[in-house]
Protein chains: 2
Amino acid sequence: MSTACDHHEEHQHHGLRGAALAAALTSAEARCAATQERLTAPRRRVLELLLGADAPLKAYDLIAAFGDRGEPAKPPTVYRALEFLERLGFAHRIESLNAYVPCRIEGAHVAAFLICDCCGEAAEVQPDLAAQVRAMARATGYEVRGVTLEAHGLCAGCRP
Amino acid sequence: MSTACDHHEEHQHHGLRGAALAAALTSAEARCAATQERLTAPRRRVLELLLGADAPLKAYDLIAAFGDRGEPAKPPTVYRALEFLERLGFAHRIESLNAYVPCRIEGAHVAAFLICDCCGEAAEVQPDLAAQVRAMARATGYEVRGVTLEAHGLCAGCRP
DNA sequence: CGTTCACCGTTATGAAATAACATAACCGCT
DNA sequence: AGCGGTTATGTTATTTCATAACGGTGAACG
């Protein structure tokens, strides 16, 4: 599921549990309600799985974990939920991993990640690159609609 | 092959032809020779296809176009060549498209692209984001090994 | 109360990438 | 030349990732 890091002790968990998880889901419900969007059962379930995970999840990880007692979901169910969650800003796709993470930085932003190739951690950060990319785009008449920024390397815990 | 742009006349060609293509390949040979690397037949062929293309090519486009008279290559042949070309800096993978382009900016750099979602053009640019990403990384002890930056939007020719 | 629209479940298929193993070319050495 | 390590290629098969297409269901709206 994730590239395990054998030379370091277990990483701290990032996934939400119990009350924190429930609170995050309730918050998501509220944000949906505010914009006439519906956090339906499969969408909610996929968001729950993402929020509870300690590392980026692949689509087929979600498909396998979807059911309550081992029954997997059908691929379109999960892909449709992911599409919705991305559209509303609840989740991001990490292109270079074919994997998904819940959004960790609420509010308007360009999603950017520092990905550890050893332990699999993907830290979401908030770069101020809008200005630069915009400047470059303006020089050529290009209109930016979205930016993907993904750094690969080693996190502090995995550096030698 | 590329998302055609029906509301604008044909785009200028970016692909190299004839003498320019031959010169680029010869230059690549020279750069390989200087570092004890070998630009073998399949590698050269894949590079030739990338250099001649007007837009990012998918791996299976390369596989289909590989042979002289329609015979496709086997997937590993092309994937291995692409791996080599990326390692030497002759080509880049665009993660958000699952596609490949020849490197258009010689020399050390972080590859960055302004991708037009309408006509498929992918302009390589040279952002000065190393400083920013490095600063962010240093703050958390993260060691950067590579950065993917891909903007999606509309190029000047495709804007309404 | 019926239409409309978004959403869902399901089957099937398509597209992208790699595993695993066998063979061949290159290179430096004696 | 002949050997042996190394690098690259050929080949088959499989795995992983993603979407097309279609029919049914239920909330929302006049």
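Computed from a predicted model, the values in this text were never measured in an experiment. Letters A, B, ... are given to chains in the order of the sequence lines, protein chains preceding strands, and every chain is numbered from 1.
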D:dT12 phosphate, OP1 or OP2, under 4.0 Å from B:Lys74 side-chain N/O: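 The answer is yes; a side-chain N or O of B:Lys74 sits under 4.0 Å from OP1 or OP2.
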
For nucleotides 14-18 of chain D, tabulate all protein N/O to nucleotide N/O atom pairs closer than 3.5 Å, reporting atom names and distance.
{"residue": "D:dC17", "atom": "OP1", "partner": "A:Lys58", "partner atom": "NZ", "Å": "2.7"}
{"residue": "D:dA18", "atom": "OP1", "partner": "A:Arg93", "partner atom": "NH1", "Å": "2.8"}
{"residue": "D:dA18", "atom": "OP1", "partner": "A:Arg93", "partner atom": "NH2", "Å": "2.5"}
{"residue": "D:dA18", "atom": "OP2", "partner": "A:Tyr79", "partner atom": "OH", "Å": "3.1"}
{"residue": "D:dA18", "atom": "N7", "partner": "A:Tyr60", "partner atom": "OH", "Å": "3.0"}
{"residue": "D:dA18", "atom": "N6", "partner": "A:Tyr60", "partner atom": "OH", "Å": "3.4"}

Residue-level proximity of residues 40-51 of chain B to DNA chain C when a heavy atom falls under 4.0 Å: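 Correct list: empty, so none.
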
A:Glu83 CD: over 12 foreign heavy atoms closer than 6.0 Å: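 Atom CD in A:Glu83 is not packed in, count stays at 12 or less.
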
Axial bend angle, the helix from C:dC1-D:dG30 to C:dT30-D:dA1: five-pair end segments, nearest 10°: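 Terminal axis comparison yields 30°.
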
So, the side chain of [X] versus the backbone of [Y]: is there a donor-acceptor pair under 3.5 Å, distance only?
| X | Y | result |
| --- | --- | --- |
| B:Lys58 | B:Leu97 | yes |
| B:Glu86 | B:Phe84 | no |
| B:Glu121 | B:Cys119 | no |
| A:Arg93 | A:Asn98 | no |
| A:Thr77 | A:Ala73 | no |
| B:Tyr142 | A:Ala151 | yes |
| B:Tyr100 | B:Leu62 | no |

Lys/Arg N to Asp/Glu carboxylate O, A:Arg31 vs A:Glu37, below 4.0 Å: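 Here A:Arg31 does not pair with A:Glu37 in a salt bridge, since their nearest N and O are not under 4.0 Å apart.
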
Carboxylate-amine/guanidinium proximity below 4.0 Å for A:Arg45 and A:Glu48: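 A salt bridge links A:Arg45 with A:Glu48.
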
Side-chain donor-acceptor pair present, A:Glu124, A:His92, cut-off under 3.5 Å: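 Checked: A:Glu124/A:His92 side chains pair up, N/O donor to acceptor below 3.5 Å.
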
Per-nucleotide protein contact string for nucleotides 21-30 of chain D (B base, S sugar-phosphate only, - none; heavy atom under 4.0 Å): B---------

Of all pairs that satisfy side chain to side chain donor-acceptor pair (under 3.5 Å), the ones with a partner from residues 145-156 of chain A, not counting sequence neighbours: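 Sorted result for residues 145-156 of chain A: A:Ser96-A:Glu150, A:Ser96-A:His152, A:Asp117-A:His152.
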
Least distance between heavy atoms, A:Arg17 atom then A:Asp54 atom: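 Between these two residues, the closest heavy atoms are NH2-OD1, 3.1 Å.
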
Where B:Tyr60 and B:Pro75 come nearest, the two heavy atoms and their spacing: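 It is OH-CG, 3.5 Å.
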
Start and end of chain B contact along DNA chain C [non-hydrogen atoms, under 4.0 Å]: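 Under 4.0 Å from chain B, the extent on DNA chain C is C:dA16 to C:dC26.
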
Rounded distance [0.5 Å steps], CG in A:Leu88 versus CZ in A:Arg43: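 Interatomic distance, A:Leu88 CG to A:Arg43 CZ, rounded to 0.5 Å: 8.0 Å.
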
